[in-house]
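Naming: A, B, ... by sequence-line order, numbering from 1 per chain.
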Amino acid sequence: MKSEPEVYSIEDLKQDNTTIWDGVRNYQARNYLKQMQKGDIAFFYHSNCKMIGIVGLMTIVESNVIDRTQFDANSPYFDPKSTINNPRWHTVKVQFKEKFTEIISLNTLKEEFTSNELLVVKKGNRLSVIPIPENTAKKIILKSINK
DNA sequence: GCCAACGTTGGC
DNA sequence: GCCAACGTTGGC
(Lines give C-alpha, C1' and ligand atoms only; values in the text may rest on other atoms or scores of the structure.)
Protein backbone atom coordinates (compact mmCIF):
# COMPACT_ATOMS: atom_id res chain seq x y z
CA MET A 1 0.00 0.00 0.00
CA LYS A 2 1.51 3.26 -1.19
CA SER A 3 1.50 6.60 0.50
CA GLU A 4 3.43 9.78 -0.14
CA PRO A 5 5.37 10.37 3.10
CA GLU A 6 4.74 14.12 2.75
CA VAL A 7 1.05 13.32 3.04
CA TYR A 8 1.14 10.36 5.42
CA SER A 9 4.28 8.45 6.42
CA ILE A 10 5.05 5.35 8.44
CA GLU A 11 6.08 7.68 11.26
CA ASP A 12 2.61 9.21 11.20
CA LEU A 13 1.08 5.75 11.45
CA LYS A 14 3.43 4.84 14.29
CA GLN A 15 2.19 7.85 16.22
CA ASP A 16 -1.48 7.31 15.36
CA ASN A 17 -1.26 3.52 15.90
CA THR A 18 -4.27 3.02 13.62
CA THR A 19 -5.70 4.90 10.67
CA ILE A 20 -8.39 4.59 8.05
CA TRP A 21 -6.68 4.23 4.70
CA ASP A 22 -8.85 6.79 2.94
CA GLY A 23 -8.44 8.67 -0.30
CA VAL A 24 -8.09 5.76 -2.71
CA ARG A 25 -10.04 6.76 -5.82
CA ASN A 26 -9.16 4.07 -8.28
CA TYR A 27 -11.56 1.19 -8.82
CA GLN A 28 -8.93 -1.48 -9.21
CA ALA A 29 -7.16 -0.39 -6.05
CA ARG A 30 -10.50 -0.26 -4.24
CA ASN A 31 -11.27 -3.80 -5.33
CA TYR A 32 -8.02 -4.99 -3.81
CA LEU A 33 -8.88 -3.14 -0.61
CA LYS A 34 -12.21 -4.96 -0.56
CA GLN A 35 -10.43 -8.30 -0.66
CA MET A 36 -8.43 -7.54 2.46
CA GLN A 37 -9.44 -9.23 5.67
CA LYS A 38 -8.90 -8.63 9.33
CA GLY A 39 -5.50 -9.97 10.33
CA ASP A 40 -3.92 -9.56 6.90
CA ILE A 41 -0.47 -7.99 6.74
CA ALA A 42 0.40 -5.18 4.34
CA PHE A 43 3.61 -3.47 3.35
CA PHE A 44 3.84 0.28 3.75
CA TYR A 45 5.46 1.86 0.67
CA HIS A 46 6.71 5.43 0.44
CA SER A 47 6.11 6.81 -3.05
CA ASN A 48 6.86 10.02 -4.90
CA CYS A 49 9.69 11.04 -2.59
CA LYS A 50 13.47 10.91 -2.17
CA MET A 51 13.72 7.54 -0.46
CA ILE A 52 11.33 5.35 -2.39
CA GLY A 53 10.60 1.87 -1.11
CA ILE A 54 9.05 -0.38 1.50
CA VAL A 55 9.42 1.05 4.98
CA GLY A 56 7.46 -1.26 7.23
CA LEU A 57 4.48 -3.45 8.01
CA MET A 58 0.92 -2.90 9.06
CA THR A 59 -1.95 -5.12 10.09
CA ILE A 60 -5.47 -4.86 8.70
CA VAL A 61 -7.66 -4.49 11.78
CA GLU A 62 -10.98 -3.73 10.11
CA SER A 63 -12.21 -4.61 6.64
CA ASN A 64 -14.84 -3.03 4.41
CA VAL A 65 -14.78 0.38 6.05
CA ILE A 66 -16.67 3.20 4.37
CA ASP A 67 -14.35 6.01 3.33
CA ARG A 68 -16.03 9.05 4.89
CA THR A 69 -14.02 11.57 2.89
CA GLN A 70 -16.15 10.80 -0.17
CA PHE A 71 -19.06 12.65 1.49
CA ASP A 72 -17.00 15.63 2.62
CA ALA A 73 -17.31 18.53 0.20
CA ASN A 74 -14.23 20.13 1.74
CA SER A 75 -12.07 17.06 1.24
CA PRO A 76 -9.84 16.63 -1.81
CA TYR A 77 -11.28 13.12 -1.95
CA PHE A 78 -14.89 14.31 -2.17
CA ASP A 79 -16.94 12.36 -4.71
CA PRO A 80 -20.13 14.21 -5.66
CA LYS A 81 -21.50 11.09 -7.34
CA SER A 82 -21.32 9.07 -4.16
CA THR A 83 -24.29 8.91 -1.79
CA ILE A 84 -24.68 7.83 1.83
CA ASN A 85 -26.99 5.02 0.79
CA ASN A 86 -24.79 3.91 -2.04
CA PRO A 87 -21.18 4.74 -1.23
CA ARG A 88 -18.60 4.04 -3.88
CA TRP A 89 -15.46 3.93 -1.85
CA HIS A 90 -14.64 1.36 0.78
CA THR A 91 -11.30 0.86 2.44
CA VAL A 92 -9.68 -0.73 5.50
CA LYS A 93 -8.46 0.31 8.91
CA VAL A 94 -4.79 -0.45 9.46
CA GLN A 95 -2.61 -0.68 12.54
CA PHE A 96 1.10 0.03 12.83
CA LYS A 97 3.07 -3.20 13.14
CA GLU A 98 6.69 -2.48 12.42
CA LYS A 99 9.04 0.05 10.91
CA PHE A 100 12.00 -1.56 9.19
CA THR A 101 15.39 -0.50 10.55
CA GLU A 102 16.33 0.20 6.95
CA ILE A 103 14.15 1.00 3.97
CA ILE A 104 14.01 -1.67 1.26
CA SER A 105 14.55 0.66 -1.66
CA LEU A 106 12.84 0.43 -5.01
CA ASN A 107 16.27 -0.17 -6.54
CA THR A 108 16.82 -3.18 -4.30
CA LEU A 109 13.35 -4.49 -5.10
CA LYS A 110 14.10 -4.14 -8.81
CA GLU A 111 17.30 -6.09 -8.40
CA GLU A 112 15.62 -8.90 -6.49
CA PHE A 113 12.25 -9.29 -8.15
CA THR A 114 10.67 -9.41 -11.59
CA SER A 115 7.49 -7.48 -12.30
CA ASN A 116 5.62 -10.79 -12.21
CA GLU A 117 6.67 -11.39 -8.63
CA LEU A 118 6.20 -7.80 -7.56
CA LEU A 119 4.06 -5.42 -9.59
CA VAL A 120 5.43 -2.35 -7.88
CA VAL A 121 8.70 -2.67 -9.81
CA LYS A 122 6.88 -2.58 -13.13
CA LYS A 123 7.39 0.59 -15.08
CA GLY A 124 4.32 2.75 -15.36
CA ASN A 125 2.47 1.00 -12.56
CA ARG A 126 0.34 3.55 -10.73
CA LEU A 127 -1.88 1.39 -8.57
CA SER A 128 -1.68 2.49 -4.97
CA VAL A 129 -2.83 -0.87 -3.62
CA ILE A 130 -1.14 -3.91 -5.06
CA PRO A 131 -1.43 -7.61 -4.21
CA ILE A 132 1.82 -9.47 -3.54
CA PRO A 133 2.24 -13.24 -3.95
CA GLU A 134 2.91 -14.94 -0.64
CA ASN A 135 6.31 -16.24 -1.72
CA THR A 136 7.44 -12.75 -2.65
CA ALA A 137 6.07 -11.31 0.57
CA LYS A 138 8.02 -13.86 2.60
CA LYS A 139 11.23 -13.01 0.78
CA ILE A 140 10.74 -9.31 1.42
CA ILE A 141 10.14 -9.90 5.11
CA LEU A 142 13.28 -12.06 5.29
CA LYS A 143 15.20 -9.22 3.68
CA SER A 144 13.97 -6.80 6.30
CA ILE A 145 15.17 -9.13 9.06
CA ASN A 146 18.61 -9.72 7.55
CA LYS A 147 19.36 -6.03 7.55
C1' DG B 1 10.31 19.95 -13.91
C1' DC B 2 9.71 16.31 -17.36
C1' DC B 3 7.18 12.78 -19.20
C1' DA B 4 5.58 7.82 -19.74
C1' DA B 5 1.86 5.29 -18.59
C1' DC B 6 -1.91 4.98 -17.27
C1' DG B 7 -7.37 6.29 -15.93
C1' DT B 8 -11.48 9.21 -16.73
C1' DT B 9 -14.64 12.13 -19.18
C1' DG B 10 -17.71 13.31 -22.62
C1' DG B 11 -18.95 14.24 -27.48
C1' DC B 12 -20.30 11.70 -31.32
C1' DG C 1 -18.81 1.73 -28.16
C1' DC C 2 -15.02 4.62 -29.89
C1' DC C 3 -11.56 7.78 -29.06
C1' DA C 4 -9.60 12.48 -28.40
C1' DA C 5 -8.67 15.39 -24.80
C1' DC C 6 -7.57 15.88 -20.39
C1' DG C 7 -6.07 14.67 -15.58
C1' DT C 8 -3.15 11.99 -12.38
C1' DT C 9 0.59 9.14 -10.68
C1' DG C 10 5.10 8.61 -9.68
C1' DG C 11 9.92 7.57 -11.10
C1' DC C 12 13.72 10.02 -12.77
Side-chain angles (χ1 to χ4, degrees), chain A residues 1-16 18-36 40-60 63-144 146-147:
Chain A
M1 297 168 78
K2 298 182 188 171
S3 181
E4 300 185 19
E6 302 269 302
V7 179
Y8 196 86
S9 71
I10 185 109
E11 276 302 322
D12 293 324
L13 180 59
K14 190 176 181 181
Q15 280 180 28
D16 294 346
T18 65
T19 193
I20 301 219
W21 201 266
D22 53 21
V24 173
R25 293 295 178 268
N26 171 290
Y27 287 103
Q28 209 179 336
R30 182 205 62 182
N31 292 342
Y32 287 135
L33 285 169
K34 275 189 175 174
Q35 289 175 17
M36 293 182 183
D40 284 351
I41 303 296
F43 292 104
F44 196 128
Y45 178 94
H46 280 175
S47 69
N48 204 12
C49 57
K50 270 202 165 167
M51 293 284 291
I52 303 161
I54 298 174
V55 290
L57 299 176
M58 9 185 214
T59 309
I60 311 303
S63 61
N64 217 29
V65 178
I66 290 172
D67 182 343
R68 293 272 149 207
T69 60
Q70 67 192 300
F71 309 126
D72 180 2
N74 294 319
S75 167
Y77 305 124
F78 178 60
D79 184 349
K81 290 174 187 166
S82 195
T83 63
I84 300 271
N85 288 331
N86 193 18
R88 280 185 173 185
W89 305 107
H90 289 76
T91 184
V92 292
K93 189 188 229 182
V94 298
Q95 181 175 37
F96 176 82
K97 181 175 171 67
E98 179 185 335
K99 182 187 173 184
F100 295 160
T101 50
E102 218 178 302
I103 186 173
I104 306 180
S105 72
L106 178 58
N107 270 340
T108 301
L109 293 172
K110 279 180 174 171
E111 283 166 12
E112 307 270 333
F113 301 103
T114 66
S115 58
N116 281 335
E117 295 169 303
L118 188 64
L119 264 172
V120 82
V121 305
K122 193 176 183 179
K123 190 189 173 192
N125 171 74
R126 302 184 313 162
L127 266 187
S128 65
V129 181
I130 302 172
I132 302 185
E134 202 167 346
N135 255 357
T136 305
K138 281 178 180 166
K139 285 182 191 169
I140 296 171
I141 289 173
L142 272 181
K143 260 203 129 359
S144 77
N146 290 338
K147 277 189 174 173

Phosphate OP1/OP2 of [N]: any [X] side-chain N/O under 4.0 Å:
X	N	result
Y27(A)	dC6(B)	no
K123(A)	dA5(B)	yes
K2(A)	dG10(C)	yes

- Query: Under 4.0 Å between a Lys/Arg side-chain N and an Asp/Glu carboxylate O for E112(A) and K139(A)?
  - Reply: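 Not counted as a salt bridge, because no side-chain N and carboxylate O are separated by less than 4.0 Å.
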
Describe, in one word, how the ring planes of Y8(A) and F44(A) are oriented to each other, choosing from parallel (under 30°), tilted (30 to 60°) and perpendicular (over 60°).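 Because their plane-to-plane angle is under 30°, the rings of Y8(A) and F44(A) count as parallel.
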
[X] [atom1] - [N] [atom2] separation (whole Å):
X	N	atom1	atom2	value
E4(A)	dT9(C)	CD	C1'	8 Å
R126(A)	dT8(C)	CZ	P	11 Å
L109(A)	dG11(C)	CG	C1'	14 Å
E6(A)	dG10(C)	CD	C1'	14 Å

request  = Hey, which sits more toward the 5' end of DNA chain B by its nearest nucleotide, N125(A) or N48(A)?
outcome  =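 Here N48(A) is the residue nearer the 5' end.
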
For R25(A) and for G124(A), find the nucleotide of DNA chain B with the closest heavy atom, then tell me which residue's nucleotide is more 5'.
->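 Here G124(A) is the residue nearer the 5' end.
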
For K122(A), which contact category applies under a 4.0 Å heavy-atom criterion: base, sugar-phosphate, or nothing?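 Here K122(A) touches no strand at all.
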
Notebook entry, point to check: Quick one: are D22(A) and R68(A) in side-chain contact, heavy atoms under 4.5 Å?
Noted result: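 The answer is no; the side chains never approach within 4.5 Å.
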
Next on the checklist: Rounded at 0.5 Å granularity, tell me how far CG in N64(A) sits from CG in L33(A).
Outcome noted: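 Going from CG on N64(A) over to CG on L33(A), the span is 10.0 Å.
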
